[in-house]
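First comes the structure, then the notes that go with it.
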Amino acid sequence: MPALSLKDRVRIATGTALDPAVEPVGVPEQLADIKGTEQVNPPMNKTVMEWLERYNDEFDDALPAHIDRSTFFAAVRSLLPTLARCTPASTLDALLACARFGLVPDGRHAAIVREGKLARFIPMAQGYVDLMCRGEVQSVVVEVVRENDHFKWVPTAPLGQDLEHVPARGMKSERGEATHVYAFVWFRNGNRSRAVVLDREEAEEIRDEHSRAYQEAVAEGREDSFWHRFFVQMWMKSAVRRLPKYVRMSPELTALMNADDAGEAGEAQSFHAPDPGAARLLAEAEATQDVSPPTPITRRLPVKRVQPRRKPSRRARRGRTRTT
């Protein structure tokens, strides 16, 4: 089988082309309307897991040392009812992106969701926090403010006096509806960043303008998008995503934001993730060109030494004077 080009790999990962090396996972007729909450028979789970296990080497390479494959796939097994309806290539793309960032799809650090026939990797607020804390950040504070809480934010006040939040006593339901979400970081040197504060209206604007899945769900009269089901969690993530205004962006954090945005746009995500096989893909892309420029040969040229010009002696200067 001829090697696939980089363009073909992207088309396969986004579900717009089929992977010739992978047989699609069949879905029984009785599971045609599965939403992820119904019981799925064990053979169906086994079929999906057996297909994913073909890529054990890829996941071993992708996962960082502190997460082994068994831990990662233990979280994946709970997602099988929804992944069964996704194209195999998009499932692999989403899971590899999640693994390469060192996040477990447990719903807290990251999630893998189905949008139509495509699987999508969604890093959650805690996933962004994890990547931030791998650099100069000591910890990240993300809190939800509710109606009956005491909350005061003065962005122009000195740090330490700009934010006051005292949660109301009682259960979450007694505190009322969420009104704001704020986030800030503590650096390893003991300093604190400015706070990012988002009210509900701002969160809804982010959802309406940037979430393709939410827009499609509204257009089709559905309420099953991730923003529909987990509005507060996505609100919290939106606040954390604005923290890079005050935190130095690491290449890995930038890549996570790019992968997140690619998922919102329905594009391949694993190509944005740190990839141990990136060099192989680059070599494959370069091999598709007909002519490769010859490798330049450098040679050190001999250095011609120039003696410094010496001043004539006093005797020589006297002889020159007599001749004149």
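- When side chains are defined from C-beta on, D162 counts as touching R194, because their heavy atoms get closer than 4.5 Å.
- A 4.5 Å side-chain heavy-atom check between L163 and K152 finds every atom pair outside the cut-off.
- Residues W186 and V137 are members of separate hydrophobic clusters, defined by side-chain heavy-atom contacts under 4.5 angstrom among Ile, Leu, Val, Met, Phe, Trp and Tyr.
- Side-chain contact between L103 and F121 is present, with at least one heavy-atom pair separated by less than 4.5 Å.
- Taking 4.5 Å as the limit, every side-chain heavy atom of Q126 sits out of range of all side-chain heavy atoms of V240.
- Separating the CG atom in N148 from the NE2 atom in H150 is a distance of 13.5 Å, to the nearest 0.5 Å.
- When all heavy atoms are compared, the tightest approach of A62 to L96 is CB-CD2, 4.4 Å.
- Panel note: side chain S90, backbone A119; a donor-acceptor pair is recorded below 3.5 Å.
- Expressed to the nearest 0.5 Å, how far CD of E204 lies from CZ of F231 amounts to 5.0 Å.
- Residues Q233 and F226 are not in side-chain contact: their nearest non-hydrogen atoms beyond the backbone lie 4.5 Å or more apart.
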**Q.** Evaluation steps, side-chain contact (heavy atoms from CB on, under 4.5 Å), between V185 and S139
**A.** CA-CA 6 Å; V185 306; S139 62; over 6 Å; no
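- Residues V181 and V197 form no side-chain contact, since every pair of their non-hydrogen atoms from C-beta on lies 4.5 Å or further apart.
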Q.
One pair to check against side-chain contact (heavy atoms from CB on, under 4.5 Å): C133 and V140. What are the steps and the verdict?
A. CA-CA 8 Å; C133 291; V140 181; 4.3 Å; yes
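- Salt-bridge annotation for R241 and D261: present, with a side-chain N of the basic residue lying under 4.0 Å from a carboxylate O of the acidic one.
- Applying the 6.0 Å contact sphere to CD of E201 captures no more than 12 heavy atoms from other residues, nucleotides or ligands.
- To the nearest 0.5 Å, atom CD1 of residue I112 and atom OG1 of residue T91 are 9.0 Å apart.
- At a threshold of 4.5 Å between non-hydrogen side-chain atoms, the residues V113 and I122 count as touching.
- With W227 contributing its side chain and A213 its backbone, the two residues share no donor-acceptor pair below 3.5 Å.
- Side chain of R242 to backbone of P244: no donor-acceptor contact under 3.5 angstrom is found.
- Heavy-atom contacts from other residues, nucleotides or ligands closer than 6.0 Å to CZ of R248 number 12 or fewer.
- Side-chain atoms of T179 come within 3.5 Å of backbone N or O of V145 as a donor-acceptor pair.
- Of the possible donor and acceptor atoms, none in the side chain of R192 sits under 3.5 Å from a partner among the backbone N and O of L159.
- Atom SG of residue C86 and atom CZ of residue R120 lie 12.5 Å apart, to the nearest 0.5 angstrom.
- Residues L79 and F72 share a hydrophobic cluster, clusters being chains of Ile/Leu/Val/Met/Phe/Trp/Tyr side chains in contact below 4.5 Å.
- In summary, the side chains of T71 and D68 do present a donor paired with an acceptor at a separation below 3.5 Å, with no hydrogens or angles considered.
- Judged purely by atom type and a 3.5 angstrom limit, D149 uses its side chain to pair as donor or acceptor with the backbone of A168.
- Among all heavy-atom pairs drawn from A183 and V142, the shortest one is CB-CG2, 4.2 Å.
- For F184 against A195, the heavy-atom pair with the smallest separation is CB-CA, 4.0 Å.
- With salt bridges taken as basic N to acidic carboxylate O contacts below 4.0 Å, none links D61 and R100.
- The aromatic ring centres of F59 and F73 sit less than 6.0 Å apart.
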Q | Candidate pair Y128 and M257, rule side-chain contact (heavy atoms from CB on, under 4.5 Å), full reasoning | A | CA-CA 9 Å; Y128 276 96; M257 296 182 71; 3.7 Å; yes
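- Here the side chain of S78 pairs a donor or acceptor atom with the backbone of A75 at under 3.5 angstrom.
- The backbone N or O of Q269 lies less than 3.5 Å from a partner atom in the side chain of D93, making a donor-acceptor pair.
- At least one donor-acceptor pair under 3.5 Å links the side chain of R212 to the backbone N or O of E264.
- In plain terms, the two heavy atoms of E252 and F101 that are nearest each other are O-CE2, 3.7 Å.
- Look at R146 and E177 and you find no salt bridge, because none of the NZ, NE, NH1 or NH2 atoms lies under 4.0 Å from a carboxylate O.
- A donor-acceptor contact closer than 3.5 angstrom is absent between the side chains of E143 and H165.
- Counting only distance, with no hydrogens or angles, the side chain of E220 and the backbone of A217 share no donor-acceptor pair below 3.5 Å.
- Taking the side chain as every heavy atom from C-beta outward, V196 and Y246 approach each other to under 4.5 Å.
- Atom CG of L95 and atom OG of S270 lie 10.5 Å apart (nearest 0.5 Å).
- Salt-bridge annotation for R175 and E147: absent, with no side-chain N of the basic residue lying under 4.0 Å from a carboxylate O of the acidic one.
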Throw together a table of side-chain donor-acceptor distances under 3.5 angstrom for residues 104-111, partners on residues two or more places apart or in other chains.
unit_1, atom_1, unit_2, atom_2, d
D106, OD1, R108, N, 3.0
D106, OD1, H109, N, 2.9
D106, OD1, H109, ND1, 3.4
D106, OD2, H109, ND1, 3.0
H109, NE2, D130, OD2, 3.4

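- Each of R229, E223, H228 was checked for a side chain to side chain contact (heavy atoms under 4.5 Å, CB included) with S225, and the lone residue meeting it is H228.
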